[in-house]
Structure formats: structure tokens, C-alpha cells
Enquirer: 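Handing you this structure, nothing more for now.
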Amino acid sequence: MPEELTAERQHLAAARAELSRMRERTLALEVQGGNAASSEALAESLWRRARSLEDDPATALFFGRIDLETDERWYIGRRHVTDDAGDPLVIDWRAPVSTTFYRASHTDPLGVRLRRRFGYDHGRITAMEDEHLLDASEPDARSQILASEIERPRVGPMRDIVATIQPEQDALVRVDVTTTVCIQGAPGTGKTAVGLHRAAWLLYAFRDRLTRTGVLVIGPNQAFLEHIGAVLPTLGEVEVRHTSIEALTSSVPVRAVEPTDVARLKGDARMAEVLHRAVWSHLVPPTEAMVLPRGSRRWRVAAHDLAPLVDGLAGRDIRYETARQLLPQRLAHAVLLKMEALGEYPDDRVQDSVARSAPVKAYAASLWPRVDARALLHRLLSDADALAAAADGILTEEEQERLRWQKPSRTAGSARWTLADTVLLDELGDLLSRTPSLGHVVLDEAQDLSPMQLRAVGRRCTSGAATVLGDIAQGTTPWATGSWTESLRHLGKPDGVVSELRRGFRVPATVIDFAARLLPLAAPGLAAPLSVRDNPGRLDLVRVGSADLVPATVARVDGLRALEGSIGVIVPDARVAEVSAALGAGGIEHGTLGAGHGDVDHQVDVVPATVAKGLEFDHVLVLEPAEIAAAEPDERTGLRRLYVVLTRAVSDLTVVHAEPLPQPLTESPRVGG
């Protein structure tokens, strides 16, 4: 074995040297594109290529090896590396042959004779582990290298899972580019990582198509995006854009917060019909003839001849503004028909001239006026009659009254728009001019989106597919979905395939079993997740007096600092400043996460409960669960928020509380000192 280990280390050194040479050759290429635009595009392409060939000596360039029955041998790693002769030293994990590394088993070896996994320490191979898949006498055993990699402590952003992808995860990563896949995943099942690796695989397998049309990752907030932001670059993908759901529709600044019932109503799918009716109600049927003076003649087209032109445009599947711009050409064509009837032979230049003439443009504008999205929404929310006309038969009178501003602003420019308003404006924008479609969208924490937000995301992938990630049990908005079928319908992908990940690899059994006590009330009918980790983890429930709540928290955090790995101190939003100040007074350096920013470079982070979703820490301390739950507008949302908070731990969970725990958590709790 020592000789084999030495040989593998030599192969790693050779692969790293060749990767460095591949990058040097790329950087040395002369940019000659033929013209300025082509040269710029080529330079950008070479820059991206060089970025993808960057090596991090602290990471594993390859993490596995497969020896096939055909005597072929392949090293599986983060990117493809070849020698000077073009022979592969490392195969990209996304290549078809790599599938066997992830999916081969004793029961179905897929032609693999031996699978070898490598253990690393700061980029140096320190261990090897072999599975002889054709040996029936060899028992199935869990890989210790695999378990160590999954449970390895970390400080900083999310790591890729390329070395630890499980068969069921690999199957979802490699779903065809034309298929929308929805992944229901319990905490710790790796659904977010699967979604990101799927984006990387799609860019590998369909590079030309997706480089041209683009890939977008949408997350719940900026802290989450910074947490996951390092994953794709480590896989060699630097072209994927990230945005939050709020930023996706941020055409106006958000300057107000509205009551929950109003926000829920604005997020209702019926609002799309209200807005559609409001936009298209601007059309005015022609009642007078159109008269065009041209030279010594006056050309007259009767209203009854023009009405079919307007109706024909309105009946087409095109946007309002597009049709408005087409109308002058249609009107001009009607004039040309009159000219031809009298023996003239006008060509396209004459039609263009007629379409651009002042009388035709004015007549078109009288039938099909310009609509401004902000002005229209401002009118709907300010004017009872305007809203009633658009919402009649769709919203009740009580709902219309709830939508209207009590104190309307004088103009759309001075309006105090809310987050829900930005989504309505996005819908209006698409009704006026079609939103460009991307090649693929990865949507995380999708269970929290309203129907109107889902429509906004769906507009970005009308000609592409989506990867939808979430957990119904972690829905923490009043409009959180109860059905993925419903969400996919609002997204415009009713044929999307729903798959479930239940095996948890990150959250230990002790922690997940404790949190799962909330599920019967928080998400009835949803199966509890199953932790498959060998290490059961640790759970400590610490009851203190109210005066000792924050001091006890500081003391516990101070003790956790001696352990390796990240520490998340998850607290009620109202206590963030208090806890941060107490940690600072105790000499504990820490960061503070927020909805608008991330801070993942500290060992200790204070995390508002409403920002915890999607994050994970080796050690988690939760302060006052009852207060976290009570801060939400209803019991179900409160318990779901608490379920999210309690499932952020990778190694251990400490709960410090003065108030009694919520009733579902009090059944046979395991108490630590």
C-alpha cells in the first residue's frame, strides 16, 4: 500500500503540472479575431477558459479512480486534465464515464472492477480506500473517507459535494436539459448542492446552448447567495449569474412594508388576470375614418375597415407594446390597398413612409395608447373605479378595498412601493414587452414564493427549463406553497418532474429527530427525513432563567470556539443587536448575517432566525425557540420557521431557553448540562 500511495501522489503531481501548463498555454494564445468585436469575444472566451483552469493546491484535483473490466483506468476529478499527447490524466466528474464512479455497486457494478476513493489533507493524498465491486465475498460497507468528507468541519462558504455525490443525487444532476425537475429535499439532503452541480453539469453537457442563453441561480437573500457563491467556481464554472428573488423584480426601490393579508393578496395568481385586463382595456375601437393627406390627394380608410386590423393584433399572442408598434404598419398597409385599387404601385418604401407619417402615427396612438407600468399600477391602487373595472368578477369588493392605498401618493414617482408591488410591476412589464428567456434557471427555497413570484421566475425560462429546489416543511411565508404541482403550474412548467430526497447526509440523527417532532403540525403528511450518518451528533437543551439567557449563550459560544468548524448563533431577529453586543463584550470576534449581506469569514456568526434558511454550520446554538416561533404571523409559519432554525447543524445543536419550549418539542427531550 505505501508504494501505491506514492504512485498516486506522483500521478496527482503530474496532473497538477499538466493543468498548470494547460492554463499557461491558454494565456499565451494570441488574440486574433479578424475585427474588434470578434477579438473582444475571443479574448473574453480565453479569459473564461483560463479561469476554469485555475488550480487550488489545497483542494483535491481528483478524488476517485475506477478500474474497468476492460482494463481502462480513469481518475475522476473536478475538471479534465490531459498530458502533451492528449491522453487524459483526470476525467471531469461531469463526463459520461464518470457516472459509473457514482452509481456502481456490488449489486450492479456497471463494468467497474475497482473503485478507489482518496482522502486528502490540504491538497495532499493521505489515504486510499478500495471497493472490489466484482468480489461477491466483499461485504458492503460505508466508505469512511466518504463519511469524513461529508462531516468535515468548515469555516466559510458552502463547499461543493463533487466527491460525495450519492447515486440518487447523481441521477438528478444529470436530468436532460429540456426537463424541469423539482427536488423536494429535507434538511441535510443536499438539494441545494445538487441544484448547483446540475447547473455545472448542464453547462458541461450543453455548453454552446447555455453559454448563449445563460444560466441564473435565484436564492432567497444575499446572505444565502454568498454562502453558495463559491461552489460553481470550484467546479470551473464562472459564467453563472446569481440573484435574490427580491433583486429579480427590483425595478423600483422598496420603501414600505404592508400588512400580511395585503401582501398575500398581491401575490395571488388572480392578480395576473386583473393586470392583464387593466393593460388591454386601454384599446379604443376605431369610430372615425383615418384620413391621410399625401401630395395632392387625401386617402381615407373607413373605421369599419380598420377595426379588423386592431382586433387581429389584439388577438395575437404578442405583447401590448409590440402590437402597438406594429399597428402603424397595419394602418399603412390599408392605405396602400386603396392606392393599388386606383392603379398606383406603391412599394415597401411607400408603406414605411406612410407608417411614419404624423396622421397615421396620431391615429394609431388614439386607438392603441402607450401604457406605463408604474403609472398604471399607481392608478389601480389609488382609484377605486379603475380597480373595480379591472377586477370585476375576479376580486371581491372587500379584496379590492384591501388592495387600495388609504393615502395614495400624488404620482407614481413618489409612491411608497412594497416588495409585492415590484412583482406586480414585473408582471405588467411582461404584459407590455416580453421578458427575455434564459436557457436554465435554478430556483432555491422555492416553497416560499407566492404564485406571482413564481410567475416572475417562470418568465425568465419560458424557452428553457428550471431546477426547482425546496422543502414544503420549511415554508415560512404566509403564502408558502402546499403542493409542488401547484408551484410548477404557476411557474409555467406543469410537466415538471417532482423527485424527493429523504436521506440526510449533513444533519445528524439526534438533531433531525428532535426537529422532526414539529412536522405533524408544521407540515402534516410530509415524511420525516432520515439521517444516514454514522455519527449521531449531539443535542443539548439548556434551561436558564430569563436574566441568564444572553450570558449563558455567550458562555456556550465561548466553549464551542475550542472545537473545529463554524458556529452559528441563531437568535430571534429582535435580539440580534443585543446578542452581538454581548459577544463583543465577551471578547468573541464574530460576524452578523443579514438579509442584505453575508459574512461567512468568521468562525462565529450571529444569524437572525429569518435569515437562517439554506445556511449550515458545524455547531449551532439556538436562542429562545418559543420567541422565534411567536414572531411569525401564525402558528404553522412559526413552527416551520423553528424547523428551519433547528436543522442548520452539521455536528451538534445547543438550545438555550428561558421560556418553555413549544409543546411538540417537549416529548422526551434529551437534556444536556
Enquirer: Is the backbone of C461 close enough, under 3.5 Å, to the side chain of K493 for a donor and an acceptor to pair up by distance?
Expert: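 Yes.
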Enquirer: Would the distance check show the side chain of T481 and the main-chain N or O of Q447 forming a donor-acceptor pair, the cut-off being under 3.5 Å?
Expert: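 Side chain of T481 to backbone of Q447: no pair is present.
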Enquirer: Drop me the distance from R117's CZ to I76's CD1, to the nearest 0.5 angstrom.
Expert: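 So the CZ of R117 and the CD1 of I76 are separated by 11.0 Å.
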Enquirer: Taking side chain as C-beta onward, heavy atoms only, is L425 less than 4.5 Å from T249?
Expert: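 A side-chain contact is absent here, since even the closest heavy-atom pair is not under 4.5 Å.
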Enquirer: If you look at every heavy atom in V175 and W201, which pair is closest and at what distance?
Expert: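 V175 and W201 have their closest heavy atoms at O-CZ3, 3.3 Å.
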Enquirer: For D121 and T126, test the side chains for any donor-to-acceptor distance below 3.5 angstrom and give the result as yes or no.
Expert: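 No, because no side-chain N or O of D121 sits under 3.5 Å from a partner of the opposite role on T126.
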Enquirer: Do L431 and Y320 have side-chain heavy atoms sitting under 4.5 Å apart?
Expert: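 No, their side chains stay 4.5 Å or more apart.
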Enquirer: Please check if the side chain of H440 supplies one atom and the backbone of A465 the other of a donor-acceptor pair under 3.5 Å.
Expert: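 Checking the backbone N and O of A465 against the side chain of H440, a donor-acceptor pair under 3.5 Å is found.
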Enquirer: Might you point out which heavy atoms bring R648 and I570 nearest each other, and give the distance in Å?
Expert: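 Scanning both residues, the minimum pair turns out to be CG-CD1, 3.7 Å.
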Enquirer: Using the rule given for side chain to side chain donor-acceptor pair (under 3.5 Å), can you reason through N221 versus S244, listing the C-alpha separation, both sets of side-chain angles and the distance that settles it, and then say yes or no?
Expert: CA-CA 5 Å; N221 53 55; S244 65; over 6 Å; no
Enquirer: Can you confirm whether L488 sits close enough to P494 that some side-chain heavy atom of one is under 4.5 Å from a side-chain heavy atom of the other?
Expert: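 They are not in side-chain contact.
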Enquirer: Do NZ/NE/NH1/NH2 and the carboxylate oxygens of R116 and E129 come within less than 4.0 Å?
Expert: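 Looking at R116 and E129, the cut-off is not met.
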Enquirer: Please lay out, stage by stage, how L501 and V194 fare under the test side-chain contact (heavy atoms from CB on, under 4.5 Å).
Expert: CA-CA 10 Å; L501 293 175; V194 168; 4.3 Å; yes
Enquirer: If you round to the nearest 0.5 Å, how far is CZ of R16 from CG of L89?
Expert: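 Reported to 0.5 Å precision, the distance equals 12.5 Å.
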Enquirer: Which residues pass the ring-ring contact (aromatic ring centres under 6.0 Å, His included) test with H242, sequence neighbours left out?
Expert: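 Expected list: none.
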Enquirer: Between V507 and V650, does a side-chain contact (heavy atoms from CB on, under 4.5 Å) hold up when you go through it step by step?
Expert: CA-CA 5 Å; V507 184; V650 175; over 6 Å; no
Enquirer: Are a donor atom and an acceptor atom from the side chains of S250 and T422 found within less than 3.5 Å of each other?
Expert: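 No, T422 and S250 have no side-chain donor paired with an acceptor closer than 3.5 Å.
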Enquirer: Could you check whether T476 and D448, counting side-chain N and O atoms only, form a donor-acceptor pair closer than 3.5 Å?
Expert: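 D448 vs T476: donor-acceptor pair found between side chains.
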Enquirer: Closest heavy-atom contact between A612 and V644?
Expert: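 Between these two residues, the closest heavy atoms are C-CG1, 4.4 Å.
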Enquirer: Quick one: closest heavy-atom pair of T647 and A515, and the distance?
Expert: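 Scanning both residues completely, I find the closest heavy atoms to be CG2-CB, 3.5 Å.
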Enquirer: Return each pair, listed once, that meets side chain to side chain donor-acceptor pair (under 3.5 Å) where at least one residue sits in residues 178-188; pairs must be two or more places apart or across chains.
Expert: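 Sorted result for residues 178-188: D176-T178, Q184-D471, Q184-W484.
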Enquirer: In terms of side-chain heavy atoms, does S566 have a donor or acceptor partner in D618 at a distance below 3.5 Å?
Expert: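 Looking only at side-chain atoms, D618 and S566 do form a donor-acceptor pair, the distance falling under 3.5 Å.
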Enquirer: Do any N or O atoms from the side chain of Q166 and from the backbone of T164 form a donor-acceptor pair under 3.5 angstrom?
Expert: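 Yes; at least one donor-acceptor contact below 3.5 Å.
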Enquirer: Is the shortest side-chain heavy-atom distance between I66 and L114 below 4.5 Å?
Expert: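 When only atoms from C-beta onward are counted, L114 and I66 do not touch, as no gap falls below 4.5 Å.
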Enquirer: Would you say the ring centroid of H11 lies under 6.0 angstrom from that of F62?
Expert: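 Close enough - the centres of the two rings lie under 6.0 Å apart.
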Enquirer: Show the numbers, then the answer: is there a side-chain contact (heavy atoms from CB on, under 4.5 Å) between L216 and V240?
Expert: CA-CA 6 Å; L216 177 67; V240 178; over 6 Å; no
Enquirer: Quick check: do L424 and M271 have side-chain heavy atoms less than 4.5 Å from each other?
Expert: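 L424 reaches M271 side chain to side chain.
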Enquirer: Can a donor-acceptor pair be found between the side chains of S433 and R319 at a distance below 3.5 Å?
Expert: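 Judged by distance alone, the side chains do not pair up.
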Enquirer: Check salt bridge (Lys or Arg N to Asp or Glu O under 4.0 Å) between D426 and all other residues, then give those that pass, not counting sequence neighbours.
Expert: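 By the salt bridge (Lys or Arg N to Asp or Glu O under 4.0 Å) rule, D426 matches R459, R460.
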Enquirer: Given side chains that start at C-beta, do those of V217 and D444 come closer than 4.5 Å, heavy atoms only?
Expert: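 V217 vs D444: side chains apart.
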Enquirer: Among residues two or more places apart or on two chains, list those pairs meeting side chain to side chain donor-acceptor pair (under 3.5 Å) that have a residue in residues 61-73.
Expert: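 Qualifying pairs: E8-R65, R65-D67, D67-R73, T70-E72.
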Enquirer: Indicate the ring-plane relationship of Y75 and F118, choosing parallel, tilted or perpendicular according to the 30° and 60° boundaries.
Expert: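 Parallel.
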Enquirer: Just jot down the side chain to side chain donor-acceptor pair (under 3.5 Å) partners of T477, sequence neighbours excluded, or say none.
Expert: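 Partners of T477 under the side chain to side chain donor-acceptor pair (under 3.5 Å) test: W479.
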Enquirer: Let's go through L68 and R113 carefully: what are the C-alpha distance in whole Å and the side-chain angles of both, what is the deciding distance for side-chain contact (heavy atoms from CB on, under 4.5 Å) to 0.1 Å, and is it a yes or a no?
Expert: CA-CA 5 Å; L68 305 182; R113 178 171 53 82; over 6 Å; no
Enquirer: Answer yes or no: is there a side-chain heavy-atom contact under 4.5 Å between V181 and V468?
Expert: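 In short, these two side chains do not touch, never coming nearer than 4.5 Å.
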Enquirer: Determine whether T189 and R503 make a side-chain contact, defined as any pair of heavy atoms from C-beta on separated by less than 4.5 Å.
Expert: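 When only atoms from C-beta onward are counted, R503 and T189 do not touch, as no gap falls below 4.5 Å.
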Enquirer: Looking only at non-hydrogen atoms, find the nearest pair between K613 and Q474 and report the distance.
Expert: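 For K613 versus Q474, the nearest heavy atoms are NZ-O, 2.7 Å.
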Enquirer: State plainly whether the residues E24 and R21 are in salt-bridge range, i.e. N to O under 4.0 Å.
Expert: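 A salt bridge is absent here (no side-chain N lies under 4.0 Å from a carboxylate O).
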Enquirer: For T243 and A247, which heavy atoms make the closest approach, and how far apart are they?
Expert: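 That would be OG1-CB, 3.3 Å.
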Enquirer: Sequence neighbours excluded, which residues qualify as salt bridge (Lys or Arg N to Asp or Glu O under 4.0 Å) partners of D170?
Expert: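 Scan of D170 (salt bridge (Lys or Arg N to Asp or Glu O under 4.0 Å), adjacent residues dropped) gives R103, R174.
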Enquirer: When you check the gap from the basic side-chain N to the acidic O, do D92 and R79 get nearer than 4.0 Å?
Expert: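 No, this pair does not count.
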